[in-house]
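Computed from a prediction, not measured in an experiment: that's the story for all the values here. A note on names: the letters A, B, ... follow the listed sequences, proteins ahead of strands, and every chain is numbered from 1.
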There are 2 protein chains.
Amino acid sequence: MKEGPDIARVAALLGDPARANMLTALMSGRALTAAELAQEAGVTPQTASSHLAKLEAGLIITQRKQGRHRYFTLSGPDIVEALEVLMGIANRVGHNRVRTGPKDPELRHARVCYDHLAGDMGVALFEGLTQQGLIETGINGVALTVNGIEFANAFGIDLDALHSKRRPLCRECLDWSARQSHLAGSFGAALLDRFYDLGWAKRVADSRIVRFSTEGERQFRELISR
Amino acid sequence: MKEGPDIARVAALLGDPARANMLTALMSGRALTAAELAQEAGVTPQTASSHLAKLEAGLIITQRKQGRHRYFTLSGPDIVEALEVLMGIANRVGHNRVRTGPKDPELRHARVCYDHLAGDMGVALFEGLTQQGLIETGINGVALTVNGIEFANAFGIDLDALHSKRRPLCRECLDWSARQSHLAGSFGAALLDRFYDLGWAKRVADSRIVRFSTEGERQFRELISR
DNA sequence: TTCATAGTTCGATGCTAATCGAAGCATTGA
DNA sequence: TCAATGCTTCGATTAGCATCGAACTATGAA
């Protein structure tokens, strides 16, 4: 027989559309209930239950019972890493889900993509940071420059805390509405969190829309065009 | 509906045992023929052909026709990355088969992981440097100690030049054959470069194997056990 | 107790995909 | 030209698994 870690078993667990949808929904780090995950995946609760049982048996996710809810989370940062690498490959080889996107202008303007900013604002952020020499795109992907590290600290982002995670700091993510890159990875996520904290933007409930306040958007524009 | 890269499609391609075996065989960097891959996967040539067609259609591998042979290679370094991450997960969750890591003993001994040294030699390097107090592992990752800086200068590594790059100087990287850490980051890469320069080791063409000369390995052992 | 909500288990169904034998191309060498 | 090798295509079989309706368990609230 063959030797080595059984990657097929793990990959097969990620290789079902319903399960992949659930897992990407969990990438935000938030714990979600079985019902929420079922809706996220577009399947009935029974089907979701079966998938969740498989993912748990495979130690991809863990669950925590609380009252009559069951909260699921990814079992470790390596799962996030795997999902991000797979997203990168899917982008490269052009395996994108093509759906005639909702024409909702707010969604096109600013929305969350897992846990970071996407849409026109996300693309603007990526371009602004690049223009200012704060991030650089090389053969190994995107990375913070020395100036970028300074910028992050000044903006109130604890890079050490992010570094300690296994997840890559910066990563490109193809924007489906703008067809350009926006910034993913733990730094991308931290930036969006900071925008929330500063009160520049809020997430609209039950939607992927990120709504910037007038003042918030002004300050955001200033930040990326400094 | 959903947006974004279609992870499931890519993961499903990696999620079949036969295909996963083929892909891991290709991780060595060598181009292999359809027949070799069939044997590696333990399936008949017909079945292998079908799998290879799928992998090629999914742009996971590429083929090169040469005479009546067809040589297959992975389509990019991101595939290697994905396989390594998946191996890490499989290890963590205990989805193992008999032995870990690459089959080829030379690959297990010393190979490149992107641009730094991995395998038994890589792990030995990491341990040796730690033992001598040249690097230290803290909550924020690995860092050079004062003695380590001295060591680096004495060994002919220009730390200032490395510092100017945006890439972290030291970084831990889990070795998938030895299941222990080896040293990545720009310092890890610089060390390997230095080994090449000193003639201690050479990279084997069309492969990830790093081959140390007898004398080179002796000096390497001395360096890390001083 | 009774009802509502959250989630699971069971069973049936239907689809997909892996597998291999047999036959078919294509290339090379004699 | 013929034979051998390397690989693919075709067809049939099989097995696994995703899916959902229906029924069941568990928790909480009235």
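- The nearest whole Å value for the distance from the CD atom in B/Q63 to the C1' atom in D/dT8 is 11 Å.
- Taking the side-chain hydrogen bond (donor to acceptor under 3.5 Å, both in side chains) definition, one finds that B/D78 meets it with A/R92, sequence neighbours left out.
- Smallest separation of non-hydrogen atoms from A/G199 and A/S213: O-OG, 4.0 Å.
- The CZ-C1' distance, from B/R70 to D/dG6, rounds to 9 Å in whole Å.
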Only pairs under 3.5 Å count here: list side-chain donor-acceptor contacts from residues 49-62 of chain A, not counting sequence neighbours, and write none if there are none.
residue	atom	partner	partner atom	Å
A/H51	ND1	A/R19	NH1	3.1
A/E56	OE1	A/Q63	NE2	3.0
A/T62	OG1	A/T73	OG1	3.2

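- In this structure, the side chains of A/E217 and A/M121 come closer than 4.5 Å at one or more pairs of heavy atoms.
- Although no hydrogens or angles enter the test, the distance criterion places no donor-acceptor pair under 3.5 Å between the side chain of B/R203 and the main chain of B/R211.
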Contact list (N/O, under 3.5 angstrom) for nucleotides 26-30 of chain C vs protein:
residue	atom	partner	partner atom	Å
C/dT27	O2	B/R68	NH1	3.4

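- In this structure, a donor-acceptor pair under 3.5 Å is present between the side chains of A/E36 and A/T33.
- The distance from atom CD of A/Q39 to atom P of C/dG7 is 12 Å, rounded to the nearest whole Å.
- Distance alone, capped at 3.5 Å, places no donor-acceptor pair between the A/T47 side chain and the A/V43 backbone.
- A/R64 and A/A31 make their closest contact through NH2-CB, 4.1 Å (heavy atoms, listed as atom of the first residue, atom of the second, distance).
- Helix-axis bend for the helix from C/dT1-D/dA30 to C/dA30-D/dT1: the local axis fitted to the five terminal pairs at one end deviates from that at the other end by 20°, rounded to 10°.
- Between the P atom of C/dA6 and the CD atom of A/E36 lies a distance of 10 Å, rounded to the nearest Å.
- In this structure, B/Y71 places its OH atom 13 Å from C1' of D/dC7, rounding to the nearest Å.
- Scanning for side-chain hydrogen bond (donor to acceptor under 3.5 Å, both in side chains) contacts around B/R218 gives B/E215, with sequence neighbours left out.
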Could you encode protein contacts along nucleotides 17-23 of chain D as a string, one character per nucleotide from 5' to 3', using B for base contact, S for sugar-phosphate-only contact and - for no contact, with a heavy-atom cut-off of under 4.0 Å? -SBBBB-
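- Atom CE in A/M87 sits 8.0 Å away from atom OG1 in A/T24 (nearest 0.5 Å).
- Note: NE2 (B/H69) to P (D/dA4) measures 17 Å, nearest angstrom.
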